[in-house]
Amino acid sequence: EDESSWYFLDTPDREHWTREQKWDLHVKIFEYIAYAHLLKGLVLSSGPDYDCVACWMPPGENMDDTLTLLRSGMWRLNYQLSPEGKTRFFSEFLPLLNDTKLQVLGPEVDADSWYLVYIGTRSTGRGKGYARKVIEHVTGQADREGRACYLESSHAVNRIIYGKMGFELQKNIYLQRAKKHVELDIMVRQPRVDEKMTEGA
């Protein structure tokens, strides 16, 4: 399980909730995120049954504007998350991610980079190259445009997977309001120059 996804749900003030109740809200959160990216970003899928889905935010875009928050349903989290869950999501998680991205990339590159906000693969679709397809579709475009790609990951094994696709670890950050801190890898992929294009220039 992705610990960062459950960080807003496994809170002391929701200990009375069943796993099913938490799962239902977990699904809604990702529905909101996916819809926000359909509105402002790019949603890609691969596999015969949407086995892998990736949400990318293009350069110069974000989902923080009021209209997108309303249309996507993200505003509902103000009422659906517990008080502690809201604090973790709105006061800790989002500011930490935004500040870290700006600090790691710098203002100019931050505004001009591709951001892999979310990627998920069904258990039955793993090991089939679906994740690589939805990542390399954008990294290829980023290379042609001369842009960096940025992501956060909460799985140590993903560091190796992303590394094979050109992402490099920049630093680690931590969500610290739970008993067990959640570690996130911050990774960046710099644009690659096509040697054939360079030779032909």
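Positions are given from 1 along the sequence.
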Hydrophobic cluster partners of Met187 (side-chain heavy atoms under 4.5 Å): Leu42, Leu44, Trp56, Trp114, Leu116, Ile119, Val134, Ile135, Val138, Leu151, Ile161, Tyr162, Met165, Phe167, Leu169

Full working for side chain to side chain donor-acceptor pair (under 3.5 Å) between Glu152 and Tyr115: CA-CA 9 Å; Glu152 305 105 1; Tyr115 180 15; 2.6 Å; yes

May I ask you to test the [X]-[Y] pair for a side-chain heavy-atom distance under 4.5 Å?
| X | Y | answer |
| --- | --- | --- |
| Leu77 | Lys28 | no |
| Ser4 | Leu184 | yes |
| Trp17 | Asp24 | no |
| Trp6 | Trp23 | yes |
| Gln80 | Tyr32 | yes |
| Met74 | Phe89 | yes |
| Val43 | Val53 | yes |
| Asp51 | Lys128 | no |

Pair Asp65-Arg71, salt bridge (charged side-chain N to carboxylate O under 4.0 Å, His left out): steps then yes or no: CA-CA 10 Å; Asp65 62 282; Arg71 293 181 65 192; over 6 Å; no

Closer than 4.0 angstrom, basic N to acidic O: yes or no for [X] and [Y]?
| X | Y | result |
| --- | --- | --- |
| Glu136 | Arg132 | yes |
| Glu168 | Arg189 | no |
| Glu3 | Lys180 | yes |
| Asp10 | Lys22 | yes |
| Arg192 | Asp143 | no |
| Asp49 | Arg122 | yes |
| Lys86 | Asp13 | no |

Roughly how far, to the nearest 0.5 Å, is the [atom2] atom of [Y] from the [atom1] atom of [X]?
| X | Y | atom1 | atom2 | result |
| --- | --- | --- | --- | --- |
| Leu9 | Glu84 | CG | CD | 12.0 Å |
| Tyr130 | Cys52 | OH | SG | 10.0 Å |
| Glu31 | Leu25 | CD | CG | 10.5 Å |
| Asp99 | Lys101 | CG | NZ | 12.0 Å |
| Thr87 | Glu92 | OG1 | CD | 9.5 Å |

Of all the heavy-atom pairs spanning [X] and [Y], show the shortest one and how long it is.
| X | Y | result |
| --- | --- | --- |
| Lys40 | Asn62 | NZ-O, 3.2 Å |
| Asp185 | Arg159 | OD1-NH2, 2.9 Å |
| Arg88 | Tyr7 | NH1-O, 2.8 Å |
| Ser113 | Leu105 | OG-CD1, 3.5 Å |
| Arg14 | Leu81 | NH2-C, 3.8 Å |
| Ser5 | Phe30 | OG-CZ, 3.4 Å |

From CA spacing to verdict: side-chain contact (heavy atoms from CB on, under 4.5 Å), Lys171, Gln103: CA-CA 11 Å; Lys171 66 182 296 185; Gln103 182 265 321; 3.1 Å; yes

Donor-acceptor contact below 3.5 Å, side chain Ser72 vs main chain Thr68: yes

Backbone of Ile173 reached by a side-chain donor or acceptor of Glu183 within 3.5 Å: no

